[in-house]
Amino acid sequence: MSSRYDTYRKFKSTCMSVLAVFCALLVVLPLILVFIYLLQMGISSLNWDFLTKLPQPVDPDHPGGGGMANAIVGTLELMGLALVMGVPIGLLGGIYLAEYGSEKAAVWIRFGADVLNGVPSIVWGLVGFTLVVAPMQNYSAFAGGVALAFMMIPMVLRTTEEVLVLVPGSYREAGLALGIPRWKITLHIVLRTAIKGIVTGVLLALGRVAGETAPLLFTALGSSLWNTSLKEPIAALPIQIYYYAISPFEDQNRQAWAGALVLILIVFILSLSVRMLSLRRKRS
């Protein structure tokens with residue numbers, strides 16, 4: 001009887017293991033299929049001209065030519081603006097919740113941040129349009145950066161808080177026992193201990209906003225030229241992909257696929273950086 005039960009138990013364990021592996025493959029399979037399809041559709045248009053030249057008017061007699069250099073640089077510029085404007089606010093908010101905030105206030109701030117994390121991106125575009133574009137009466141790179149920064153703030157705030165809470169309380173108690181001011185303990189001990197987790201959260205937030213299109217349509221608008229001022233419209237890969245994808249010209253459709261491939265590679269590099277930082281954090 002015991003032998004039959006052991007056999008049945010092993011069979012059930014094997015079935016559940018196979019089912020778990022199958023479900024894991026189902027999760028990864030769409031990503032692999034999307035990446036393969038992007039390679040098939042976009043690799044033919046991904047060349048040096050695409051990476052270094054500006055968009056050119058479509059010539060039906062001589063298809064091809066031009067690129068998305070300004071959109072690639074514009075995407076990086078917008079990500080930089082969002083990083084500069086959004087990370088300090090999210091970081092300070094997370095520090096307040098983890099180290100200084102009262103429990104009653106912290107509950108409502110966390111709730112608000114969680115709600116903001118679920119707000120559709122097009123709403124952030126409308127907020128950026130209302131607060132920046134309408135008063136300035138102009139679409140601009142600054143407005144696009146503000147919209148993306150709004151999206152980053154609640155994500156960075158919640159990630160920072162969660163990482164700081166994981167720092168052992170004994171570190172803080174040791175600093176207080178030595179007579180170190182609390183702000184110095186937070187700055188030099190707590191933050192330095194949690195820095196890898198904070199950077200991981202920031203990179204995840206950047207990856208989240210890198211491919212957003214709706215906020216930029218309401219704020220940055222897009223451009224076929226190089227951006228020379230934060231007060232001017234700016235090109236970005238999501239915007240350029242959108243315009244080229246709905247274009248009636250086949251050449252622009254192909255470039256849209258190439259732009260999507262470049263955008264996926266940027267997000268992939270950010271995600272890979274997050275994984276590497278996470279592994280280093282676990283080892284240390």
Side-chain angles (χ1 to χ4, degrees), residues 18-80 82 120-122 125 144 148 151 203-217 220-227 234-279:
V18 171
L19 180 62
V21 172
F22 177 73
C23 292
L25 291 176
L26 282 181
V27 172
V28 178
L29 184 61
L31 174 63
I32 296 174
L33 293 177
V34 167
F35 191 70
I36 292 174
Y37 190 73
L38 282 176
L39 282 174
Q40 291 176 345
M41 300 296 294
I43 197 67
S44 60
S45 298
L46 189 60
N47 51 43
W48 185 247
D49 287 347
F50 180 85
L51 298 174
T52 58
K53 291 186 176 181
L54 295 176
Q56 294 182 0
V58 177
D59 185 357
D61 297 327
H62 300 88
M68 292 190 184
N70 61 333
I72 296 172
V73 174
T75 295
L76 298 177
E77 185 177 340
L78 288 170
M79 290 170 63
S121 60
I122 194 170
L148 297 183
M151 296 183 65
L203 290 177
L204 284 173
L206 271 180
R208 166 73 172 80
V209 303
E212 291 294 342
T213 306
L216 300 183
L217 288 173
L221 186 63
S223 173
S224 59
L225 304 173
W226 291 107
N227 178 263
I234 187 173
L237 280 172
I239 303 176
Q240 202 78 353
I241 292 168
Y242 170 75
Y243 288 142
Y244 276 20
I246 63 176
S247 170
F249 301 105
E250 184 179 350
D251 184 58
Q252 288 190 340
N253 295 155
R254 287 197 301 268
Q255 289 201 18
W257 285 110
L261 180 59
V262 173
L263 185 60
I264 286 292
L265 289 175
I266 292 175
V267 176
F268 175 77
I269 291 172
L270 288 173
S271 300
L272 184 62
S273 301
V274 169
R275 297 301 302 172
M276 293 177 65
L277 284 171
S278 299
L279 290 175

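Numbers here are sequence positions counted from 1. Just the heavy atoms: all of them, side chains too, but no hydrogens, waters or symmetry mates, feed the values below.
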Specify the closest pair of heavy atoms between [X] and [Y], including all atoms of both residues, with the distance to one decimal.
| X | Y | value |
| --- | --- | --- |
| Ala245 | Ala256 | N-CB, 3.8 Å |
| Gly66 | Gln255 | O-NE2, 3.7 Å |
| Ser224 | Pro55 | O-CD, 3.8 Å |
| Ala69 | Trp226 | CB-CH2, 3.7 Å |
| Ile239 | Ala220 | CD1-CB, 4.2 Å |
| Ser121 | Ala214 | OG-CB, 4.0 Å |

Just verifying a value: how many Å separate [X] [atom1] and [Y] [atom2], rounded to the nearest 0.5 Å?
| X | Y | atom1 | atom2 | answer |
| --- | --- | --- | --- | --- |
| Ile234 | Leu221 | CD1 | CG | 11.5 Å |
| Asp251 | Ser45 | CG | OG | 6.5 Å |
| Gln252 | Gln240 | CD | CD | 8.5 Å |
| Leu203 | Met276 | CG | CE | 11.5 Å |
| Ser271 | Ile266 | OG | CD1 | 12.0 Å |
| Leu261 | Ile241 | CG | CD1 | 9.5 Å |

**OP:** Please list, chain by chain and in numerical order, all residues satisfying side-chain contact (heavy atoms from CB on, under 4.5 Å) with Tyr37, sequence neighbours excluded.
**Re:**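 Partners of Tyr37 by the side-chain contact (heavy atoms from CB on, under 4.5 Å) criterion, ordered by chain and then number, come out as Gln40, Met41, Trp257.
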Subject >> Results of side-chain contact (heavy atoms from CB on, under 4.5 Å) for Ile72 - residues two or more places apart only >> reply: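 Residues passing side-chain contact (heavy atoms from CB on, under 4.5 Å) with Ile72: Leu51, Leu237, Val262.
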**OP:** Verify the neighbour count for atom OH of Tyr242: are there more than 12 heavy atoms of other residues, nucleotides or ligands below 6.0 Å?
**Re:**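 Counting other residues, nucleotides and ligands, OH of Tyr242 stays at 12 neighbours or fewer.
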Between [Y] and [X], is there a side-chain heavy-atom distance shorter than 4.5 Å?
| X | Y | value |
| --- | --- | --- |
| Phe35 | Leu265 | yes |
| Met68 | Leu263 | no |
| Leu216 | Leu148 | yes |

Subject >> Contacts of type ring-ring contact (aromatic ring centres under 6.0 Å, His included), residue Phe268, not counting sequence neighbours >> reply: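 If we apply the ring-ring contact (aromatic ring centres under 6.0 Å, His included) test to Phe268, skipping adjacent residues, there are no hits.
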**OP:** Please confirm whether the backbone N or O of Leu225 pairs with a side-chain atom of Asn70, one donor and one acceptor, at under 3.5 Å?
**Re:**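 Flag set: sc Asn70 to bb Leu225 pair under 3.5 Å.
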Subject >> Side-chain donor/acceptor of Asn253 to backbone N/O of Pro248, under 3.5 Å >> reply: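 Not a single qualifying donor-acceptor pair exists.
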